[in-house]
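Scroll down for the structure; my scribbles are underneath it.
Numbered from 1 within each chain, the chains take letters A, B, ... in sequence-line order.
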There are 2 protein chains.
Amino acid sequence: MVESNPAPLDAVFHALGDATRRRMLRDLAGGERSVGQLAEPFAMSLAAASKHVKALENAGLIRREVRGRTHLCRLEPGPLASAHEWLGFYEHFWTSRLDELERLLREADSKTPPPRGDDR
Amino acid sequence: MVESNPAPLDAVFHALGDATRRRMLRDLAGGERSVGQLAEPFAMSLAAASKHVKALENAGLIRREVRGRTHLCRLEPGPLASAHEWLGFYEHFWTSRLDELERLLREADSKTPPPRGDDR
DNA sequence: GGAATAGTCAACCAAATTGTTGAATATGGG
DNA sequence: CCCATATTCAACAATTTGGTTGACTATTCC
């Protein structure tokens with residue numbers, strides 16, 4: 001399934017590329033929050049925070065339920081799982097020392113043009 | 001260590017928020033590649049691709065070694081691991097059905113103001 | 001030396017992002 | 001009804017992004 005749906009990942013990673021929005025997600029990890037509550041930690045207008053909320057919503061990272069005059073937001077884990085899975089593809093690059101060794105060897109090979117017959 | 005170094009994550013997630021750069025990383029997962037090789041799959045000028053490479057470099061996702069007239073790039077797994085780890089914080093939101101149930105209950109609670117004594 | 005190759009740099013442009021403010025909408029509570 | 005609260009919307013400005021083209025640098029090859 002290697003990168004079959006690039007559009008969602010674009011939106012998800014873009015949304016995650018902003019500390020304001022990441023902080024909002026952290027807060028939402030503690031349960032439902034209203035837009036006002038999400039905006040509260042930031043020194044910006046509510047309208048600006050509202051745009052960040054919308055960015056998260058567009059990326060599918062949160063869902064919104066309008067209850068009376070307040071909009072309750074909750075975390076939507078699916079896209080986070082997708083992003084996590086995408087990154088997981090590279091996991092062996094930082095986990096296994098054998099893979100690391102293998103990478104270094106491949107690197108060394110490309111540095112010495114003629115690998116000079118496997119042995120003998 | 002909850003979000004202690006936001007600047008790098010900004011750059012990393014921003015870099016990942018573009019399908020061109022994600023494709024470059026995929027190619028680099030197969031070993032070293034020159035800037036020209038990384039640019040080859042795309043219908044854009046080499047200069048444009050070069051900018052993408054620089055974005056990856058600025059995010060620490062790749063390292064570059066100038067060999068003669070070609071710039072060899074290789075994957076730098078550290079920042080990918082950081083991003084993966086950041087996302088891992090949310091893992092229980094999509095893995096455990098119990099956590100999912102818990103979330104739904106919390107949600108139900110907030111919907112019915114008086115949760116009406118834990119049992120009895 | 002001279003030409004082809006690999007890549008960056010600078011200037012420019014269009015579009016998107018991120019913030020602001022002020023007005024508009026909708027709900028809730030005396 | 002009136003007013004405060006919660007939030008979005010529209011218009012605007014500054015900045016960033018992602019692309020182009022043309023010139024420049026460095027290296028390799030003959």
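Closest approach to the B:Ala47 side chain among C:dT18, D:dG18, C:dT8 is made by C:dT8 (side chain taken as heavy atoms from C-beta onward). Ranking D:dT7, D:dT27, D:dT5 by closeness to the A:Arg69 side chain, first place goes to D:dT5. Comparing C:dG19, C:dT5, D:dG19 by their nearest atom to the side chain of A:Met44 picks out C:dG19. The side chain of A:His52 approaches C:dT18 more closely than any other nucleotide in the set C:dT18, D:dG18, D:dT5. The nucleotide whose nearest atom lies closest to any side-chain atom of A:Ala48 is, among C:dC9, C:dG19, C:dG28, C:dG19. Checked against C:dG28, C:dG7, D:dT8, the side chain of A:His71 finds its nearest nucleotide in D:dT8.
Regarding A:Phe42, its CZ atom lies at a distance of 10 Å from the P atom of C:dG19, rounded to whole Å. In this structure, B:Met24 atom CE and C:dG7 atom P are separated by 11 Å, rounded to whole Å. Rounded to a whole Å, the CG atom of A:Leu46 is 14 Å from the C1' atom of C:dA24. As a whole-Å value, the separation of B:Ile62 CD1 from C:dG7 C1' is 13 Å. Rounded to whole angstrom, the span from the CG atom of B:Leu38 across to the P atom of C:dT8 amounts to 10 Å. Between the CG atom of A:Leu56 and the P atom of C:dT17 there is a distance of 14 Å, rounded to whole Å. Per the geometry, NE2 belonging to A:His14 stands 14 Å off P belonging to D:dT16, to the nearest Å. For A:Leu72 and D:dT8, the CG to P distance is 12 Å, given to the nearest whole Å.
Residues B:Val53 and B:Cys73 share a closest heavy-atom pair of CG1-SG, 4.0 Å.
Nucleic acid contact for A:Ser45: base, since at least one base atom lies under 4.0 Å from a heavy atom of the residue.
At least one donor-acceptor pair closer than 3.5 Å links the side chain of A:Arg21 to the backbone N or O of A:Ala15. Between the side chain of A:Arg22 and the backbone N or O of A:Leu16 there is at least one donor-acceptor pair closer than 3.5 Å. No donor-acceptor pair under 3.5 Å is formed between the side chain of B:Tyr90 and the backbone N or O of A:Ala81.
Between A:Phe13 and A:Trp86, the two ring planes are perpendicular [angle over 60°; tilted spans 30° to 60°].
Between the CE atom of B:Met24 and the CD atom of B:Glu40 there is a distance of 11.0 Å, given to the nearest 0.5 Å.
Within the 4.0 Å cut-off from OP1 or OP2 of C:dG7, not a single side-chain nitrogen or oxygen of B:Lys51 is found. In this structure, A:Arg21 reaches the C:dT18 phosphate: one of its side-chain N or O atoms is under 4.0 Å from OP1 or OP2. Contact annotation: A:Ser50 does not reach the phosphate of D:dT7 (side-chain N/O to OP1 or OP2, under 4.0 Å). Under 4.0 angstrom from either OP1 or OP2 of D:dG18 there lies no side-chain N or O belonging to B:Thr20. Here B:Lys54 does not reach the OP1 or OP2 of C:dG7: none of its side-chain N or O atoms lies under 4.0 Å away.
Comparing A:Val35 and B:Ala55, the nucleotide of DNA chain D nearest to each residue sits closer to the 5' end for A:Val35.
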